[in-house]
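Only one structure is covered here, and it is reproduced in the block below.
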Amino acid sequence: MAGPLTGIRVIDFGQYIAGPLAGVMLSDQGADVIHVDPPGGPRWQHPSDAFLQRGKRRITLDLKSPGDLQIAQRLIESADVVLENFRPGVMDRLGVGAEASTQKNPALVYCSMPGFAHDDPRANMQAWEGIIDAATDNCSPRMGEETPGWDWSRPFYSAVTLASNFGGFLGATGVVMALIARHRTGLGQTVEAPLFDSMFTLIGHSGAYRHDKGLHPPRGIHGRGAGSFRCKDGKHVQFDTSSARHWVWFAREAGLTETWEPELLDINALKDEAVNQRLHAKLRDLFLTKTAEEWETIGNRAGAAIGWARSADEWIDVEHARVTKTVVQVEDPEFGPTWMSGLPVRLTATPGEVKGGRHLPNADRDAIIQELDGLSAKTAGQGAEPNIKHPLQGMKAVDICVALAGPTCGRLLLEFGADVTKINAPKGGVSGYLNRGKRSVLLDLESFEAQQVFFKMLDDADILVENLSPGTADRLGIGYAEVKARRPDIIYTSGSCYGYGGPMTRGRGWERQGQAVAGIMERLEPPAILGPYNLIDIGTGTMATFATGLAVYHKLRTGEGQQAQASLAQTATYQQAPFLMRYDGYVADQPRGYTALGTGPLNRFFQAKDDWFFLAIPEGDAGKLASVEGLQNPLSASGEGAGGGLGLEDAFRNEDAATWVSRLRAAGLAAHEWVRVADLMQDPSVKARGLSVQQDVEGAGPTTAPGVTVRLSRTPMRVGDPPRPAGSDAAAILEELGMADQLPKLEKAWVLQVNDLPPAWS
C-alpha cells in the first residue's frame, strides 16, 4: 500500500544527520527523495550513509559550477519540498536559498535545519553536536542514574545525537504540517527547525517551573523497588513501579506475595525510604537468580513494566523488532545485507515502507537530468481555505493520554493549530506545561454514562490520541474498532511501549523500558538511563505528531481515516539510527558512557578555570589554534592522547570559559560554554525568540516553560493559553454537546468531576 506522501517530490541537500534524517522519514512515507551530494561525496564519510541515504536517488552537483547550479535550480522548481541544514545564508549565497526558491516555486515547502536560527546571534558559527549539547545543558547524567561518586561539576558527551535527531524529527514534522497548509491554502512556505531550537521540545517539562518553587532537575525513579538490577547472566533489567499496582502484580507473578514479609509488599509502608532500601536489597538478590530475559518474560506476563537492557545488536535479533519493522534489513551496494533502524511510525491504511538500500553518489544523475526535461515547474494552486493561520486550524482533537509521551503529542497538535480537549479520570489530569492551551474534562471512561459524553465529543472530532496500557481501550469499548465503526474517517493515534503486531505488543513500559530494550541504556557503563532529558517519551510524542500529520494529510487528499501508531521502542531505535547497524565487518565507533568528553582530541569538552566548554574543530582547521591568544605552540605535539598532546588541557585551565570561548570564536572556531538549563530558560535571546515563555497561571502565579520550536512562515505554530485546573471546561463542553442537563446526574454518579479540581500547576 502506498505511503501518505506518494506523489511528493523532495530535493534533499542535507549533510551529516539532521537533513538526511528528515529525508529518510519522508522517503519511507512514500515521497520521491533525490539527495544532492557535493563533489567528493558526503561531508560525513561514515557507515551511517547506508541508513541516511536509503531509498533515495542521488546526484552529485557542484553548486559553485554554473551548469550544476542550473540543474539544482531546475530540480527545486520541480519539487514539492526542499531540505537543507547548512548555516543560515549558505544556500542564499549559492543562489538556491529559501527566498529565491520560493519566489520561483510558490508551491514549494523549503525546510532549513541549521544549528542556530537565522536570527540567533550564533547563526554564523558551526553548530556541531557537542556545541548544541553544551548550549542546552544536554551533558549531565539523569539524577539518580549517575555513577558512584559522580562529580556534578563535570559534563559528559551524549552517546545519542539528540540535537541532530530532534532537528530531523521536527523538520520532517514541520514539512508535513506545511504540506497540510499547502493543501488548504494552495501556497508553500518556509520551515525552519534549528537544532538549538528543537532541543527545547526535548527539554520540555525539565525546563518548566513555577517561579515561586524554582526549577528542579528530573528526579530518579527508585521508589517501590524501581531501578536497574543485575541478573544471573550479567545483564541488567530496568524495573519501573511508577504505577504501584505494577509492584503488586510482579510480586504475585514472581511468587513473592506468600513468602516475603508483608511490609515489603505494603505500598504505604514503602513510602518509608528505609523500607524501600530493604526492598531494593532483597530485589538485588532476587534478580541474580534468573537471566535478564527470564525476568523480562515474568514481568511482562504479570503486566508489570520491566525491560532487559539489551545492546543495540541484541535488539536487532529480537523477533518483535523485526516483525514490527522497527529494524529492517536492506541490501547495501557497499556493505551487502545490512540491518538498521526501520520505521519510526506506522499508519494502518498507508503504512509506508523502506524502499531498499542506498544508491551510491551520482548513481542516478543521467536519469534525473533526463527526467527534468519532462517535468513542469510547480505552480501555486488556489486552496479552499486561503486564510487559515495555522496548519491544523479548525480541526478538533480529543486527547485521552496519560503520562508524558501522549500528552506531548496533544500539546504539539494544539501548537500546530488544533482545538484539543483533554480527558482524564476524576482526581487525575495533566497539570502544568503539558496542559497548556487544552480544554479539559475529568471523565471516568470506564463507565457507560461517561462514554456517552466521549462518543458525543467524537461526533465532530478529527483526531483521537490515546496511549492507554495495551488492550485497555479495547477492554473499555473505546478502541479503534469501536471508534471507527462510529466514525470511519477518524484519525486514531495510538502510543504504546513496544509497538503493534509482534509478541511484545501487550508489554507495558515507560521511558526506562524504551531506553532499556533497544540498546540506549547499554551505551552507558554500567547500563543506566541516559539523561538528563526524557528523550524517548518526548521523542515518541514528537513521532506521534508526525504520524498524525501524515494521517491528516492523507485524509485531506482522500477522505480516508486510519490508525496512526508510535511507540517508545520504535523511537528508541530511531534515536540511535546513525549508529544502530549490522553488516559483515561493522565496527561501532561512537563514544560510550558518562566518562566520554567527545569524539576526539579536538571535538570535546575542556575544563577552563571556572567551568567547562565545548570546542569543535573539524579536520583541517586545527591550524587556526595558532592565532588564539594564550595558546603557545598548540600544534607542537603529535595530537594523540586524552588532551590531544597539544597542551590544550593545561592552557585552558588558565582562563575562564567565557574568555576562551570569545577568543576561539574570534579565530573562526566553534566553541560554547556549558549553559545550565535554569540559566538557559532565562536567557534574554532565548526569551526574545519565544523559545522560553512566561505565563501567569491560576493558583500558581508566574511560570516559565519552553515555547514553540518550529517556524512556519505562513501558518506558524502558536503558544497555547495558560493552563487552567484540569476539569475546568466540563460545563462548557457539555453545553456544546447539548448535554448540559446531564451534568448533575454524571457528577452524582461519580463519573464526572467539576468540584475540588486538581491545581492548574502543582
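Keep in mind it's a predicted model, so treat the numbers as computed, not measured.
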The test is salt bridge (charged side-chain N to carboxylate O under 4.0 Å, His left out); show your working for Arg411 and Glu415 and say whether it passes.
CA-CA 6 Å; Arg411 179 184 59 78; Glu415 291 173 351; 2.9 Å; yes

Please determine whether side chain to side chain donor-acceptor pair (under 3.5 Å) holds for the pair Gln576 and Arg523, giving the CA-CA distance in whole Å, both sets of side-chain angles, and the decisive distance to 0.1 Å.
CA-CA 10 Å; Gln576 304 169 84; Arg523 293 180 183 275; 2.7 Å; yes

Going through the distances and angles, do Glu192 and Ser112 end up as a side chain to side chain donor-acceptor pair (under 3.5 Å)?
CA-CA 5 Å; Glu192 190 179 36; Ser112 299; 6.0 Å; no

Please assess Tyr110 against Phe13 for the test ring-ring contact (aromatic ring centres under 6.0 Å, His included), listing each intermediate value before the final yes or no.
CA-CA 11 Å; Tyr110 190 108; Phe13 291 95; 8.0 Å; no

Please lay out, stage by stage, how Arg689 and Asp119 fare under the test side chain to side chain contact (heavy atoms under 4.5 Å, CB included).
CA-CA 8 Å; Arg689 296 179 52 244; Asp119 56 350; 3.2 Å; yes

Hey, mind stepping through Arg154 and Trp612 against side chain to side chain contact (heavy atoms under 4.5 Å, CB included) and telling me if it holds?
CA-CA 7 Å; Arg154 181 189 189 282; Trp612 294 75; 3.9 Å; yes

Check the pair Asp537 / Thr408 against side chain to side chain contact (heavy atoms under 4.5 Å, CB included), numbers first and verdict last.
CA-CA 8 Å; Asp537 279 331; Thr408 294; over 6 Å; no

Output, in order, the C-alpha distance, side-chain angles, deciding distance and verdict of side chain to side chain donor-acceptor pair (under 3.5 Å) for Trp315 and Thr573.
CA-CA 9 Å; Trp315 177 236; Thr573 306; 2.8 Å; yes

What do the steps show when you test Thr201 against Phe169 for side chain to side chain contact (heavy atoms under 4.5 Å, CB included), and what is the final call?
CA-CA 11 Å; Thr201 294; Phe169 296 173; over 6 Å; no

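Using a distance-only test at 3.5 Å, with no hydrogens or angles considered, a donor-acceptor pair links the side chain of Gln15 to the main chain of Arg43. Proximity of a side-chain donor or acceptor of Asp610 to a complementary backbone N or O of Ala657 within less than 3.5 Å is detected. A donor-acceptor pair under 3.5 Å is absent between the side-chain atoms of Ser692 and the main chain of Leu680, judged by distance alone. Judged by distance alone, with hydrogens and angles left aside, the side-chain atoms of Arg718 form a donor-acceptor pair with the main-chain N or O of Leu414 at under 3.5 Å. Panel note: side chain Asn276, backbone His222; a donor-acceptor pair is recorded below 3.5 Å. In this structure a side-chain-to-backbone donor-acceptor pair under 3.5 Å is missing from Ser662 to Thr659. Proximity of a side-chain donor or acceptor of Gln682 to a complementary backbone N or O of Asp679 within less than 3.5 Å is not detected. Remark: side-chain polar atoms of Arg224 are paired, donor with acceptor, to backbone N or O of Thr241 under 3.5 angstrom. Of the possible donor and acceptor atoms, none in the side chain of Ser140 sits under 3.5 Å from a partner among the backbone N and O of Pro532. A donor-acceptor pair is defined here as one N or O able to donate and one able to accept, closer than 3.5 Å; such a pair exists between the side chain of Glu84 and the backbone of Phe86.
Cation-pi geometry between Arg663 and Trp660 is met: under 6.0 angstrom from the ring centre, within 45 degrees of the axis.
The two residues Val661 and Ala671 make their nearest non-hydrogen contact at CG1-O, 3.6 Å. Contact detail for Leu535 and Thr571: the closest heavy-atom pair is O-CG2, 4.3 Å. Nearest heavy-atom pair, Gln513 versus Cys497, reported as atom, atom and distance to 0.1 Å: CB-SG, 4.1 Å. Between Tyr594 and Arg142, the closest heavy-atom pair is OH-N, 3.5 Å. Residues Thr545 and Cys409 approach most closely at OG1-CA, 3.5 Å, considering heavy atoms. The minimum heavy-atom distance between Val719 and Gln695, with the atom names listed, is CG1-NE2, 3.8 Å.
Counting only heavy atoms from C-beta outward, the side chains of Leu524 and Arg592 never approach each other to under 4.5 Å. Side-chain contact between Ile520 and Ile536 is present, with at least one heavy-atom pair separated by less than 4.5 Å. Counting heavy atoms from C-beta on, the side chains of Tyr574 and Leu21 come closer than 4.5 Å. A heavy-atom distance below 4.5 Å is not found between the side chains of Tyr433 and Tyr209. When side chains are defined from C-beta on, Thr161 counts as touching Pro578, because their heavy atoms get closer than 4.5 Å. When side chains are defined from C-beta on, Phe416 counts as touching Leu712, because their heavy atoms get closer than 4.5 Å. Counting heavy atoms from C-beta on, the side chains of Leu648 and Leu602 come closer than 4.5 Å. Leu530 places a side-chain heavy atom less than 4.5 Å from the side chain of Ser158.
The pair Glu522-Lys235 fails the salt-bridge criterion, with no side-chain N (NZ, NE, NH1 or NH2) lying under 4.0 Å from an Asp/Glu carboxylate O.
For the residue pair Thr136 and Asn138, no side-chain donor N or O sits within less than 3.5 Å of a side-chain acceptor on the partner.
A ring pair (Phe, Tyr, Trp, His ring centres under 6.0 Å) with Phe605 is found for one member of Phe613, Phe614, Tyr157 and no other, namely Phe614. If you run ring pair (Phe, Tyr, Trp, His ring centres under 6.0 Å) between His46 and each of Tyr16, Phe579, Tyr586, only Phe579 comes through.
Remark: Ile132 CD1 to Arg122 CZ distance equals 7.5 Å, nearest 0.5 Å. Once rounded to the nearest 0.5 Å, the distance linking CG of Leu568 with OG1 of Thr540 reads 4.5 Å. Distance check: Ile617 CD1 to Asn603 CG gives 9.0 Å after rounding to the nearest 0.5 Å.
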